[in-house]
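It should be emphasised that the depicted structure is a prediction, and the values quoted were computed from it without experimental measurement. Chain letters run A, B, ... following the sequence lines, proteins first and then strands; every chain starts at 1.
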Amino acid sequence: MLELEAPHLLEKREVKARREGLPELKNAEKGNVVLRFAPNPNGPLSFGHARGLVINSAFRDMYDGEFILRFDDTDTKVKPPMLEAYERIQEETEWLIGRKPDRVVIASDRIETYHQHATDMLEQGFGYVCRCTADAFKEFRVSKTNCPCRSQNVQDNLVLWKRMLDRKFKPGEAVVRVKTDMKLKNPALRDWPALRIQDTTAHPHPRPEIGSNHVVWPLLDFQSAVEDHLQGVTHIVRGKDLMDSTRKQTLLYEHFGWTYPETMYWGRVKVHEWGGFSTSQMRADIEDGRYSDWDDPRLPTLAGLRQRGIQARALRSFWNELGITQKDISVPLATLYSHNTKAVDDEAPRLTFVRHAVEFQLTGDHPNQLSIPVHPNHASMGLRGWKLNDGRIWLEGEDLEKMDLRLKEFADVALHDQEARVESIERSDKRPIVHWLPASQSVSAVVLSTKDDTIVHTEGQLERHKHKAGTIVQLERVGYAIVIDNATLMLCHEESQEQ
RNA sequence: GCUCGCGUGGUGUAGCCAGGUCCAUCAUUACGGGUUUUCAUCCCGUCGACCCGGGUUCGAAUCCCGGCGCGAGCACCA
């Protein structure tokens with residue numbers, strides 16, 4: 001009885017169990033879920049894009065569904081696409097989510113399909129060609145009055161539509177609008193624009209196969225709505241700034257008799273250490289030479305983070321942990337770094353880097369060589385063999401305040417002038433343990449790190465190594481770093497504030 | 001201004017829809033301790049929160065109303 005009338009009462013206890021990971025999708029059937037992420041290819045992917053990629057592909061995995069990467073490249077003037085970005089975004093997506101998208105769709109390939117749907121809309125009478133100026137229409141929108149173009153009959157609309165396609169209008173002289181209702185409470189929804197004219201002679205599409213082929217282009221809400229339906233998208237998970245888009249598009253779906261996908265939203269995210277970066281601002285700064293390129297480690301691009309050794313799986317766990325609440329949040333980079341440390345530590349070979357190195361001469365009895373583990377927790381990673389040869393060693397400038405030191409993995413020494421006299425091989429007291437390097441084992445090197453908006457160069461002596469570029473190592477007592485070449489590394493994580 | 005959305009410790013997050021098992025979860029940060037010949041990893045511990053005011057109820061983080069705060073949309077951008 002209870003089961004029939006109020007099954008939720010019985011499930012209560014189970015539902016209250018602590019949830020881990022992402023929430024369930026509504027009306028989702030395993031194997032029958034289609035998701036998408038649709039960036040504008042006006043630059044490479046940013047940190048923020050990663051959220052859309054990570055979350056949507058996580059749902060794809062959770063439901064054994066499909067994930068579409070779609071290029072929403074329908075503006076050639078305000079946010080012109082960048083030709084290189086198409087390939088680059090696909091490569092970065094694969095790196096981030098660890099697989100290729102199930103489908104890739106490029107909006108600019110499908111302009112004629114959108115035109116066809118616009119024709120359908122006009123024929124069925126729920127759209128019209130509006131020849132008012134943007135300003136004039138704005139007044140109609142504010143005053144909740146119908147624009148005169150709204151009452152044109154279907155024939156007139158189709159004639160005007162053909163003239164649009166035939167390049168008889170200039171940009172701004174005609175748009176296609178969706179008939180909703182000018183008295184709708186939300187002004188954003190009132191007879192919203194679906195397609196407009198772009199001057200693709202002055203502003204051709206950067207893809208050579210598209211170029212100036214079309215002048216009538218769909219706007220986001222129309223293009224996205226039609227494409228989601230055509231691709232069979234079942235769930236849309238996106239930023240809450242697109243909430244009104246959902247409402248606009250739902251009105252269009254009702255006209256067409258389609259069912260709108262389930263939607264979920266996330267709020268805005270700010271990273272405390274980064275200001276507001278926009279793709280176009282970054283592009284300008286790179287052109288001005290303020291940053292080296294899109295992969296400059298100071299930039300919040302995926303390429304920049306990757307350059308610094310931030311791992312894809314760290315970004316995945318970071319975004320998955322934030323989840324999809326609608327709250328606007330501000331996260332410290334320390335959270336991302338914490339995920340990255342977990343991702344990297346187990347596999348990071350240890351290496352010695354002596355900053356601001358000062359030379360000393362070892363004296364007294366001591367072995368002439370020693371072996372140090374590559375990783376203290378994993379003997380299987382092998383040993384590093386050091387030879388002392390002439391007994392010249394490097395110590396870090398900041399460690400020299402005390403005269404009695406323990407050279408890590410080696411011996412207790414007492415410093416005097418330029419001499420380090422070995423007092424004991426065994427550890428004999430509580431003197432501080434410091435890292436050090438035999439001169440014969442070292443090479444002059446530089447470690448780069450980002451600090452605020454600058455790149456700091458730290459000179460020092462680096463243990464000789466054969467790690468390939470891109471390897472993440474741990475510089476003992478310094479931090480995790482990515483190998484650039486034999487004598488250059490870059491710290492993965494910004495120097496901590498209290499240093 | 002109109003419309004929509006959101007307010008749980010320093011920062012995130014779970015719980016809220018279907019009120020009790022919540023003196024509120026987990027993570028991170030900070031601090032303290034343990035393991036460790038790294039200021040790493042790992043482990044243990046401590047501090048710390050339901051925006052405010054009413055209401056409904058035996059009982060409210062959870063439901064209702066009002067207030068306040070924050071954010072977004074109102075583009076012929078995405």
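As rounded to the nearest Å, rC16(B) and rA60(B) have C1' atoms that lie 10 Å from one another. Taking the C1' atoms as reference points, rA61(B) lies 14 Å from rC52(B), given to the whole Å. Across rU35(B) and rC50(B), the matching C1' atoms stand 38 Å from one another, rounded to whole Å. Look at the P atom in both rG10(B) and rA24(B): the space between them is 16 Å, to the nearest Å. Nucleotides rU25(B) and rG48(B) have their P atoms positioned 13 Å apart, rounded to a whole Å. Between rC47(B) and rC64(B), the distance separating the two P atoms is 35 Å to the nearest Å. Look at the P atom in both rC39(B) and rC31(B): the space between them is 15 Å, to the nearest Å. For the C1' atoms, the distance linking rU11(B) with rG20(B) amounts to 31 Å, nearest Å.
Taking atom CG of residue Asn377(A) and atom C1' of nucleotide rU38(B), one finds them 11 Å apart after rounding to whole Å. Here the P atom of nucleotide rC77(B) and the CG atom of Asp75(A) are 6 Å apart, to the nearest Å. We find that NZ of Lys138(A) is positioned 14 Å from P of rG73(B), with the value rounded to whole Å. Atom CG of Leu45(A) is separated from atom P of rA78(B) by 18 Å (rounded to the nearest Å). rC76(B) atom P lies 17 Å from atom CD of Gln223(A), rounded to whole Å. We find that CG of Asn186(A) is positioned 7 Å from P of rC4(B), with the value rounded to whole Å. Here rG73(B) presents its P atom at 21 Å from CG of Asp191(A), a figure rounded to the nearest Å. Between the CD atom of Gln249(A) and the C1' atom of rG73(B) there is a distance of 13 Å, given to the nearest Å.
Here rG5(B) is the nucleotide among rG5(B), rU38(B), rC74(B) with the atom lying nearest to any side-chain atom of Gln326(A). The nucleotide whose nearest atom lies closest to any side-chain atom of Arg350(A) is, among rA40(B), rU11(B), rA78(B), rA40(B). When distances are taken from the side chain of Leu219(A) to each of rU3(B), rC77(B), rU38(B), the shortest belongs to rC77(B). Comparing atom distances between the Val175(A) side chain and each of rC74(B), rU11(B), rC76(B) picks out rC76(B) as nearest. In this structure, the nucleotide among rU28(B), rC2(B), rG5(B) sitting nearest to the side chain of Lys240(A) is rG5(B). Residue Tyr480(A) places its side chain closer to rU41(B) than to any other of rU37(B), rA78(B), rU41(B). Among the nucleotides rC39(B), rC76(B), rU29(B), the one closest to any side-chain atom of Ser338(A) is rU29(B). Comparing atom distances between the Lys185(A) side chain and each of rC4(B), rU37(B), rC2(B) picks out rC4(B) as nearest. Closest to the side chain of Arg177(A), out of rA78(B), rC76(B), rU37(B), is rC76(B).
Between Ser330(A) and Phe137(A), it is Ser330(A) whose nearest contact on RNA chain B lies nearer the 5' terminus. Positionally, the nearest nucleotide of RNA chain B for Met243(A) lies more toward the 5' end than for the other of Asp346(A) and Met243(A).
Atom NE2 of His467(A) has more than 12 heavy atoms from other residues, nucleotides or ligands within 6.0 Å.
For rU28(B), one of the phosphate oxygens OP1 or OP2 lies less than 4.0 angstrom from a side-chain nitrogen or oxygen of Lys342(A). OP1 or OP2 of rC77(B) lies within a sub-4.0 Å distance of a side-chain N or O belonging to Arg196(A). Within the 4.0 Å cut-off from OP1 or OP2 of rU8(B), at least one side-chain nitrogen or oxygen of Lys327(A) is found. Residue Thr325(A) places at least one side-chain N or O under 4.0 Å from the OP1 or OP2 atom of rU13(B).
A donor and an acceptor atom, one from each side chain of Asp73(A) and Tyr86(A), are located under 3.5 Å apart. Glu227(A) and Gln223(A) form no side-chain donor-acceptor contact under 3.5 Å, judged by distance and modelled atom types alone.
Note on Lys408(A): a base of the nucleic acid sits closer than 4.0 angstrom, heavy atoms only. Ile329(A) comes within contact range of the sugar-phosphate backbone alone, with a heavy-atom separation under 4.0 Å but no base atom that close. Residue Glu409(A) is classed as a base contact, given a heavy-atom separation below 4.0 Å to a base. Using a 4.0 Å heavy-atom criterion, one finds that Leu242(A) contacts the bases of the nucleic acid, with or without backbone contacts as well. Using a 4.0 Å heavy-atom cutoff across all strands shown, Pro332(A) reaches sugar-phosphate atoms only and no base atom. Arg247(A) comes within contact range of the sugar-phosphate backbone alone, with a heavy-atom separation under 4.0 Å but no base atom that close. Using a 4.0 Å heavy-atom criterion, one finds that Gly267(A) contacts no nucleic acid atom at all. Residue Arg427(A) is classed as having no contact, given no heavy-atom separation below 4.0 Å to the nucleic acid. Contacts of Thr74(A) with the nucleic acid, taken as non-hydrogen atoms under 4.0 Å apart, involve only primed sugar atoms and P, OP1 or OP2.
Both distances falling under 3.5 Å, in either a Watson-Crick or a G-U wobble arrangement, occur for no nucleotide opposite rG59(B). A 3.5 Å limit on both hydrogen-bonding distances identifies rC31(B) as the Watson-Crick or G-U partner of rG45(B). The partner of rC2(B), taking Watson-Crick or G-U wobble pairs whose two distances both stay under 3.5 Å, is rG73(B). The nucleotide rC68(B) finds its pairing partner in rG7(B), both defining distances of the Watson-Crick or G-U wobble pair being shorter than 3.5 Å. The partner of rA40(B) cannot be assigned: no Watson-Crick or G-U wobble pair with both contacts below 3.5 Å exists in any strand.
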Which atom pairs, donor and acceptor, lie under 3.5 Å between side-chain atoms of residues 43-55 of chain A and protein residues at least two apart or in another chain?
| residue | atom | partner | partner atom | Å |
| --- | --- | --- | --- | --- |
| Ser46(A) | OG | Gly48(A) | N | 3.3 |
| Ser46(A) | OG | His49(A) | N | 3.4 |
| Ser46(A) | OG | His49(A) | ND1 | 3.1 |
| His49(A) | ND1 | Ser46(A) | N | 2.9 |
| Arg51(A) | NH1 | Gly267(A) | O | 3.1 |
| Arg51(A) | NH2 | Gly323(A) | O | 3.0 |

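Screening Arg464(A), Glu463(A), Gln461(A) against Ser442(A) for a side-chain hydrogen bond (donor to acceptor under 3.5 Å, both in side chains) leaves a single residue, Gln461(A).
Side-chain atoms of Lys451(A) do not come within 3.5 Å of backbone N or O of Val456(A) as any donor-acceptor pair. Side-chain atoms of Tyr480(A) do not come within 3.5 Å of backbone N or O of His493(A) as any donor-acceptor pair.
Between the side chain of Gln474(A) and the base of rU38(B), at least one donor-acceptor pair of N or O atoms lies under 3.5 Å. For Arg477(A) against rA40(B), no side-chain N or O and base N or O form a donor-acceptor pair under 3.5 Å.
A cation-pi arrangement is present between Arg177(A) and Phe137(A) under the rule of less than 6.0 angstrom and at most 45 degrees off the ring axis.
Using a 4.5 Å heavy-atom threshold, the side chains of Leu230(A) and His117(A) count as touching.
For Asp75(A) and Arg196(A), the salt-bridge test passes: some basic side-chain N is under 4.0 Å from an acidic carboxylate O.
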